[in-house]
Structures are given as structure tokens and as C-alpha cells.
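Structure record follows, encoded as C-alpha cells.
Because the structure is predicted, anything quoted here is derived from the model rather than measured. In what follows, residues are counted from 1 in the order of the sequence shown.
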Amino acid sequence: MADISDDLIVLERSAEEERVKLAGLDGEERAAQWRCWYDASVAFQAAVTAYAKETGQARHEVEQAVKKTVRHADEDPAG
């Protein structure tokens with residue numbers, strides 16, 4: 001598994017939170033929220049690219065490790 005930073009985890013969580021807010025929206029509300037999600041996603045992707053380059057890790061491995069960490073943190077262990 002790739003070595004990842006807490007900053008990347010925060011950025012991915014932010015992007016996911018913005019994505020979830022899209023549910024049930026339409027029209028201008030959806031367009032505005034989509035822009036929020038898109039901006040958060042772009043920030044995450046840029047940070048992943050920079051971090052991978054900085055640490056000499058494969059970019060896709062860094063991204064996968066962050067997403068796996070965020071998804072597993074969101075799962076309810078009880079159930």
C-alpha cells in the first residue's frame with residue numbers, strides 16, 4: 001500500500017461530502033452543487049499528483065490508498 005498523508009484524506013473526504021450533497025438536487029441547485037463537488041475533486045486530484053511526484057510513488061497507488069482509507073473509515077464496523 002502506498003504511503004499517504006492526512007491532507008490527502010481530508011481532501012478526498014471533502015470531495016465525497018460534496019458528491020453526496022448532489023442527491024435529490026436538480027436545476028440550478030444541482031449545477032451549483034456539482035461545481036462544488038467538481039472543485040473539491042480537482043483539488044484532491046491535483047494534490048494526489050503532487051504528492052506522488054514529491055514522494056516518488058505511483059500516482060494511481062496513492063489515489064487508491066487514499067480512497068480505500070476513506071471508504072473503510074466510513075463503513076460501520078457494527079454493521
* salt bridge (Lys or Arg N to Asp or Glu O under 4.0 Å) partners for Arg19, two or more places apart -> Glu16

* To do: For Asp3 and Gln57, work out which heavy atoms get closest and say how close.
  => N-OE1, 2.8 Å

* When you measure from the side chain of Ser14 to the backbone N and O of Val10, does any donor-acceptor pair fall under 3.5 Å? -> no

* Asked: Can you name the nearest heavy-atom pair linking Val70 to Glu12, along with the distance?
  -> CG2-CG, 3.7 Å

* Asked: Which residues, ordered by chain and number, are linked to Leu22 in its hydrophobic cluster, where ILVMFWY side chains connect at heavy-atom gaps below 4.5 Å, directly or through other members?
  -> Trp34, Trp37, Tyr38, Val42

* Structure fact -> Closest non-hydrogen contact found for Tyr51 with Ile4 is OH-C, 3.6 Å

* **Close side-chain approach of Lys21 to Glu18, heavy-atom, < 4.5 Å** => yes

* Work out which heavy atom in Leu8 is nearest to a heavy atom in Val48; give both atom names and the distance. => CD2-N, 3.8 Å

* Which value, rounded to the nearest 0.5 Å, describes the distance between Ile9 atom CD1 and Phe44 atom CZ? -> 9.5 Å

* Structure fact -> d(Arg59 CZ, Gln64 CD) to nearest 0.5 Å is 10.0 Å

* **Considering all heavy atoms, the nearest Ala52-Ala58 contact** => CB-C, 4.3 Å

* Nearest 0.5 Å, what's the CD-CG distance between Gln33 and Asp26? -> 13.0 Å

